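Structure first, then comments.
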Amino acid sequence: DAGITQSPRHKVTETGTPVTLRCHQTENHRYMYWYRQDPGHGLRLIHYSYGVKDTDKGEVSDGYSVSRSKTEDFLLTLESATSSQTSVYFCAISWGSGYTFGSGTRLTVV
Amino acid sequence: AQTVTQSQPEMSVQEAETVTLSCTYDTSESDYYLFWYKQPPSRQMILVIRQEAYKQQNATENRFSVNFQKAAKSFSLKISDSQLGDAAMYFCAYLQGAQKLVFGQGTRLTINP
């Protein structure tokens, strides 16, 4: 969607390797989020940020870390990828009651 | 913690007919927002409709309308005159404090021609 981009769109990685997903916004919004989507679970919140260097855990944060050194960028890192982290990852930004999602990253851990 | 439940993993409807997708939620808050999102095979999350809890009037957007029952904590989506392009996953979501969206499990809607 306009104003928010995720990279990469697809990635295959091996178990035990580190992986970083990037979310970039051009809207200057304060709040940014990382969700994962799995069948039967909908989207679940991993981590979110409410400002530069201000982050907090979501529902499924184990195995993930995040960083936000600039307003426009929010990075999600899997320090040592596992097969259970195979999923589709969505970044989102919000303002008031509005939300915009990125187009998602399909990550496969083999 | 707030939870959102969609009890229908799959639904199907004939083209041009009407279908209703169910959603219930649990919260102790009085002010909140509820949403329905559509996710086609492209994976994009598309906002279908939004409801503010303090408004008693049900939201409508063209062929899409909701039945918001605050006391029952129910928020169903009605799609009228179903079209092939309506086929998608539909997610109900609740916006809680600190701007965090909580999603239901999703309902896959199939439109039969």
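The sequence lines fix the lettering, A, B, ..., with proteins before strands; numbering per chain opens at 1. Predicted model, so just to flag it, every value in this text is computed and none were measured.
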message: Arg44(A) vs Val102(B), test: side chain to side chain contact (heavy atoms under 4.5 Å, CB included). Steps then yes/no.
response: CA-CA 7 Å; Arg44(A) 293 178 292 175; Val102(B) 178; over 6 Å; no
task: Side chain from CB out, backbone as N, CA, C, O: work out which of these in Tyr32(B) comes under 4.5 Å of a heavy atom of chain A, or both, or neither.
output: neither
task: Give the C-alpha distance, both sets of side-chain angles, the deciding distance and a yes or no for side chain to side chain contact (heavy atoms under 4.5 Å, CB included) between Leu101(B) and Tyr33(A).
output: CA-CA 10 Å; Leu101(B) 267 181; Tyr33(A) 310 81; over 6 Å; no
query: For the residue pair Lys100(B) and Tyr35(A), what are the closest heavy atoms and their distance?
result: C-OH, 4.3 Å
- prompt: Can you pull out the residues in residues 56-91 of chain B with any heavy atom less than 4.5 Å from chain A?
  reply: Phe91(B)
field: Gap between atom CZ of Arg43(B) and atom CZ of Phe90(A) - 0.5 Å precision
entry: 6.0 Å
- prompt: Among Pro39(A), Gly40(A), Gly98(A), who wins on heavy-atom pairs under 4.5 Å with chain B?
  reply: Gly40(A)
Please table the atom pairs, donor to acceptor, closer than 3.5 Å between any side-chain atom in residues 62-72 of chain A and protein atoms at least two apart or in another chain.
residue: Tyr64(A); atom: OH; partner: Arg36(A); partner atom: NH1; Å: 2.8
residue: Tyr64(A); atom: OH; partner: Tyr89(A); partner atom: OH; Å: 2.7
residue: Ser65(A); atom: OG; partner: Glu79(A); partner atom: OE2; Å: 3.1
residue: Arg68(A); atom: NE; partner: Thr71(A); partner atom: O; Å: 3.3
residue: Arg68(A); atom: NH1; partner: Arg30(A); partner atom: O; Å: 2.5
residue: Arg68(A); atom: NH1; partner: Ser49(A); partner atom: OG; Å: 2.9
residue: Arg68(A); atom: NH2; partner: His29(A); partner atom: O; Å: 3.0
residue: Arg68(A); atom: NH2; partner: Arg30(A); partner atom: O; Å: 3.2
residue: Arg68(A); atom: NH2; partner: Thr71(A); partner atom: O; Å: 2.8
residue: Lys70(A); atom: NZ; partner: Asp73(A); partner atom: OD2; Å: 3.3

query: With ring centroids as reference points, do Phe101(A) and Tyr37(B) lie under 6.0 angstrom apart?
result: yes
- prompt: Tell me, side chain or backbone of Gln39(B) under 4.5 Å from chain A's heavy atoms, or both, or neither?
  reply: side chain
query: Going by residue number, which parts of residues 103-113 of chain B are within reach of chain A, meaning a heavy-atom gap below 4.5 Å?
result: Phe103(B), Gly104(B), Gln105(B)
- prompt: Got a sec, which hydrophobics cluster with Val52(A), joining ILVMFWY side chains under 4.5 Å apart, including via others?
  reply: none
